[in-house]
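Below is one structure; the comments refer to it alone.
Sequence lines set the chain letters: A, B, ... in the order given, protein chains first and strands last, and positions in each chain run from 1.
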Amino acid sequence: MSDPARRQAVLRGVRELLPLSPGIFAWGLVTGVAMVKSGLSTLEALGLSLLAYAGSAQLAALPLITTLAPLWLVLVTAIIVNLRFVVYSTAIRSHFGHLPARSRLWLGYIVGDIMFVRFSNLLEREPEYPHKIVYYTGGAVANWVVWQVSSIVGIFAAQLIPQSLGLELAGTLALVALVVPLCRHLPTLGGVLVAALVAVLTHHLPMRLGLLCAVVAGMLVALGLEHRRQQRGVGS
Amino acid sequence: MNEFAGFDTYVWLAILGVTLATFITRSSPLLLGARLRIPPLAEAALRFAPACALAAIIAPDLLLENGQVNLSLDNARLISGCIASAIFVYFRSISGTIIGGMLVYWLLTFGLPGF
């Protein structure tokens, strides 16, 4: 990390992640509290947070673990709940192709909702940015640190944090701040509206499968709208 | 399970299972890289993945209360989300959006302090 341009890129990744940290922190806190309240010991809750690093899969696994569900079911549930990450990693995979397998393994492990969007924002604005991997690493590691610190605080202070505060809303609001600027592009706005509608209509599906349906439906509609717009552009 | 392997062993194996799920879903597309071939149309659709994923996570959080759609003014999370969006549009501040939205939510839920 001696190269100053690379160090700049790391810091830029961290800097563009930090404004979102109140949302990440609140989310981690709530997840930490939920793990302890479901009956995991402090050590187990720490292990789940530090190893799995996947909030929604952790929360989905809790009721299974406390009812001694078969291990294969825990694994399959966590994979299905995490399916949106397959979409994220597939979308960005071409930028990591030159790296050794071990780097790709760890850089994939730290993909989260927020850093995926941040990285996509960067690629949209500056497709030729030379230090994009370093930028990504800086932001994703910062996200990991904020999440783990807040989760650990939640685990140890579970009894002190009242559920009535509704802290998980802060995580949602962080995502609101990320989605609003993307809606200026009309085909994207169409996709956003469809994804929102489908997500609400399918929220009753188990293992967050509705979320996946919504993402796919939204992407297809946005693609269709953009295709139409381009055709009309060529025709006129 | 309790009698022979012990609850603790089970829990740790389950934790490793969730960890494995993280690696499988997040790392395998990066490990496969160019070997993971998908139709060009699907590749083009992935450009919209960030916005659509965000919308799909946000919408149920803001619109549903106890599993029912609530579009009325007494849905505090929906109102906070709308005001948070407005804050972002005006001030372009992400942390301001999060903190402002939460303050609105607490004001709507708990009222003004001292009243």
*Name the region of B:Ile58, side chain, backbone, both or neither, that has any atom closer than 4.5 Å to a heavy atom of chain A.*
both

*Given the options B:Ala49, B:Ala14, B:Ala44, B:Pro50, which has more heavy-atom pairs under 4.5 Å with chain A than any of the others?*
B:Pro50

*Under the salt bridge (charged side-chain N to carboxylate O under 4.0 Å, His left out) criterion, do A:Glu168 and B:Arg77 qualify, and how do the steps go?*
CA-CA 11 Å; A:Glu168 62 279 357; B:Arg77 275 177 295 137; over 6 Å; no

*Which of the residues B:Leu20, B:Leu41, B:Ile57 is involved in the greatest number of heavy-atom pairs with chain A at under 4.5 angstrom?*
B:Ile57

*Aromatic A:Phe116 / basic B:Arg26 pairing, under 6.0 angstrom, 45° off normal*: no

_In terms of relative ring orientation, are B:Phe48 and A:His185 parallel, tilted or perpendicular, with 30° and 60° separating the classes?_
parallel

*Work out which heavy atom in A:Ala57 is nearest to a heavy atom in B:Val18; give both atom names and the distance.*
CB-CG1, 4.1 Å

*Under 4.5 Å from a heavy atom of chain A, the part of B:Thr109 involved*: neither

*asked:* Is B:Phe88 close to chain A through its backbone or its side chain, or both, or neither, when contacts mean heavy atoms under 4.5 Å?
replied: side chain

*Is it the backbone or the side chain of B:Leu36 that comes under 4.5 Å from a heavy atom of chain A, or both, or neither?*
both

*Pick one of side chain, backbone, both or neither for A:Ala61, based on which atoms fall under 4.5 Å of a heavy atom in chain B.*
side chain

*Segment of B:Ser80 engaging chain A (4.5 angstrom heavy-atom cut-off)*: both

*So which of B:Ala76, B:Ala59, B:Ser28, B:Pro29 has the largest heavy-atom pair count under 4.5 angstrom toward chain A?*
B:Pro29

*In Å, rounded to the nearest 0.5 Å, how long is the span from CD1 of B:Ile24 to OH of A:Tyr109?*
13.5 Å

*With only heavy atoms counted, which part of A:Arg118 is less than 4.5 Å from chain B, the side chain, the backbone, both or neither?*
side chain

